[in-house]
Amino acid sequence: MAPTSSKRVKNTKLTRHFLIGNEAHLLPHPGYPEPPPENHTKGWKVYVRPLPNGPDITTWLKKVQFKLHHTYNDASRTIEAPGPFEVQETGYGEFGVEIRLYFAPESGEKAVYREHYLVLAPYGSEEQKTRQERENLIVAERLETVEFNEPTVDFFKTLTSEDQFNWLKVKKGRGKGKKPDFVFEGDVEPNAQLPEKAAADTGGLGSGGAWSVLYERQVVAQLREAEKVLDASLDEERRGMEERRRRMEELGMAVAAK
Ligand code: SLL
């Protein structure tokens, strides 16, 4: 591997969205020990996951540490990439799971902390609770965001690479050289997040590439420019109106003075 560059890409912020949550079932439930451990009435799984159609999170997420309630043996559970970043357990009570996210080494970023409070009992409207009970499934998850400000050059490269979407694609035979081609099949498309840069983007507006963050920035810049022009002409219009009003007043006074 090439030596890691600590050079940073200026004026650039990359964000990644992902999910933190838990699912829970009343025991007994398939996939959990039977009989359940004494006093344990719930089976649950706490997790850090990519968005269903989003880029691969292992591009930036290399390790997740889940810290459970101290009543658990080995309360600290560490999951390395490629994951899945999840911990399955049984228990009786809810508590806050402490979650530490560790980033790719080339990012030079320190680990960040999140907390997820386990939800093991039905919640929401009566209708929602009834459904959760009927399905014996509770899901409590939320959208999370990490921001990488002025990422290192190497990290920027991995975070803008097309490969991040390969996990949504199907391997198709062999492409040019030795690499397999990855192609989208069915209705799975990476639509949850704009790619930083369109695959075939040669830069510039109207270059025919897909919508991307780069393209979006250019459009925003153009709109700002247009807004400035419009503001200037509005100002001019306002000055003109003021001038006309002043002259009419003068005329009116001239007429009244006669
Ligand atoms: C509560 N404050 O009382 C919480 C504590 C404890 C969670 C929740 C069993 C651990 C084990 C378990 O569910 N601990 O027996 O290994 O609701």
Are Leu118 and Leu101 linked, directly or through other ILVMFWY residues, by side chains that come within less than 4.5 angstrom of each other?
yes

Pro55 versus Pro50, closest heavy-atom pair with distance
O-CB, 4.1 Å

With ILVMFWY side chains joined below 4.5 Å, transitively, what does Tyr117's cluster contain besides itself?
none

Show your reasoning for whether side-chain contact (heavy atoms from CB on, under 4.5 Å) applies to Arg49 and Glu86.
CA-CA 8 Å; Arg49 285 184 185 158; Glu86 54 188 43; 3.4 Å; yes

Check whether more than 12 heavy atoms from other residues, nucleotides or ligands sit under 6.0 Å from atom CD of Glu243, and answer yes or no.
yes

Partner set under ring-ring contact (aromatic ring centres under 6.0 Å, His included) for His69, not counting sequence neighbours:
Phe95

Pair Thr58-Asp56, side-chain donor/acceptor within less than 3.5 Å:
yes

Are any of the side-chain heavy atoms of Trp44 and Glu23 separated by less than 4.5 Å?
no

Set of residues satisfying side chain to side chain contact (heavy atoms under 4.5 Å, CB included) with respect to Asn149, sequence neighbours excluded
Lys13

Would you please name every residue forming a ring-ring contact (aromatic ring centres under 6.0 Å, His included) with Tyr32, sequence neighbours left out?
His25

Arg142, CZ: over 12 other non-hydrogen atoms inside 6.0 angstrom
yes

When rounded to the nearest 0.5 angstrom, what is the spacing between OG1 in Thr130 and CD in Glu135?
11.0 Å

List in chain and number order the residues that pass side chain to side chain contact (heavy atoms under 4.5 Å, CB included) with Pro28, two or more places apart in sequence or in another chain; answer none if no residue qualifies.
Glu34

Carefully, step by step, assess Glu106 and Thr158 under the rule side-chain contact (heavy atoms from CB on, under 4.5 Å).
CA-CA 9 Å; Glu106 74 270 18; Thr158 56; 3.6 Å; yes

Which residue pairs satisfy the salt bridge (charged side-chain N to carboxylate O under 4.0 Å, His left out) criterion with at least one member in residues 107-122, sequence neighbours excluded?
Arg8-Glu109, Arg114-Glu144

Apart from Tyr92 itself, what residues make up its hydrophobic cluster, given side-chain heavy atom links below 4.5 Å?
none

Give a yes or no on whether Tyr47 and Phe18 share a hydrophobic cluster (residues Ile, Leu, Val, Met, Phe, Trp, Tyr; joining criterion: side-chain heavy atoms under 4.5 Å apart).
no

Walk me through it: do Phe103 and Phe148 pass the test ring-ring contact (aromatic ring centres under 6.0 Å, His included)?
CA-CA 10 Å; Phe103 301 121; Phe148 303 110; 5.2 Å; yes

Closest contact, heavy atoms only, His17 versus Thr145
ND1-OG1, 3.1 Å

Tell me, do Thr41 and Leu27 make a side-chain contact under 4.5 Å, heavy atoms counted?
no

To the nearest 0.5 Å, what is the distance between CD1 (Ile20) and CG (Leu143)?
10.0 Å

Minimum side-chain heavy-atom gap His40-Pro33 below 4.5 Å:
no

Applying side chain to side chain contact (heavy atoms under 4.5 Å, CB included), name anything that partners Pro122, two or more places apart in sequence or on another chain.
Lys129, Gln132, Glu133, Ile138

Would you say Val119 ends up clustered with Leu137 if hydrophobic residues are merged whenever their side chains have heavy atoms under 4.5 Å apart, either directly or through other cluster members?
no

Residues which pass ring-ring contact (aromatic ring centres under 6.0 Å, His included) with Phe66, listed by chain and number, not counting sequence neighbours:
none

In this structure, are over 12 heavy atoms from other groups packed under 6.0 Å from Lys67 atom NZ?
no

Shared hydrophobic cluster, Tyr102 / Leu159 (ILVMFWY, side-chain heavy atoms < 4.5 Å)
no

How close do Ala104 and Ser107 get, heavy atom to heavy atom, and via which atoms?
O-OG, 2.6 Å

Is there a side-chain contact (heavy atoms from CB on, under 4.5 Å) between Val48 and Ile99 once you walk through the steps?
CA-CA 9 Å; Val48 176; Ile99 299 172; 4.1 Å; yes

Does Ser161 have any side chain to side chain contact (heavy atoms under 4.5 Å, CB included) partners at least two apart in sequence or in another chain, and if so, which?
Asp163, Gln164

Is it possible for you to say whether Val97 and Val146 belong to one hydrophobic cluster, with membership spreading through side-chain heavy-atom contacts below 4.5 Å?
yes

Are Leu14 and Pro151 packed together at the side-chain level, in the sense that at least one heavy-atom pair is separated by less than 4.5 angstrom?
yes

Listed partners of His116 passing ring-ring contact (aromatic ring centres under 6.0 Å, His included), at least two apart
none

Out of Arg246, Arg247, Arg245, which residue meets the side-chain hydrogen bond (donor to acceptor under 3.5 Å, both in side chains) rule with Glu249?
Arg245

Whether Asp235 and Arg238 form a salt bridge (side-chain N of Lys/Arg under 4.0 Å from carboxylate O of Asp/Glu) is what I want to check.
yes

Near Glu127 CD, under 6.0 Å, is it more than 12 heavy atoms from other residues, nucleotides or ligands?
no

Counting N and O atoms only, with roles assigned by atom type, does the side chain of Glu94 sit under 3.5 Å from a partner on the main chain of Leu120, one being a donor and the other an acceptor?
yes

I'd like to know if the side chain of Thr12 reaches the main chain of Lys10, judged simply by a donor and an acceptor atom lying under 3.5 Å from each other, with no hydrogens or angles considered.
yes

Which is it for Leu26 and Asn136 under the side-chain contact (heavy atoms from CB on, under 4.5 Å) test, yes or no, and what are the steps along the way?
CA-CA 6 Å; Leu26 261 180; Asn136 189 17; 3.4 Å; yes

Under 3.5 Å, sequence neighbours excluded: what are the donor-acceptor pairs made by side chains of residues 74-85?
from	atom 1	to	atom 2	distance (Å)
Ser76	OG	Gln65	NE2	3.1
Arg77	NE	Asp74	O	2.5
Arg77	NH1	Glu89	OE2	3.2
Arg77	NH2	Asn73	O	3.0
Arg77	NH2	Glu89	OE2	3.0

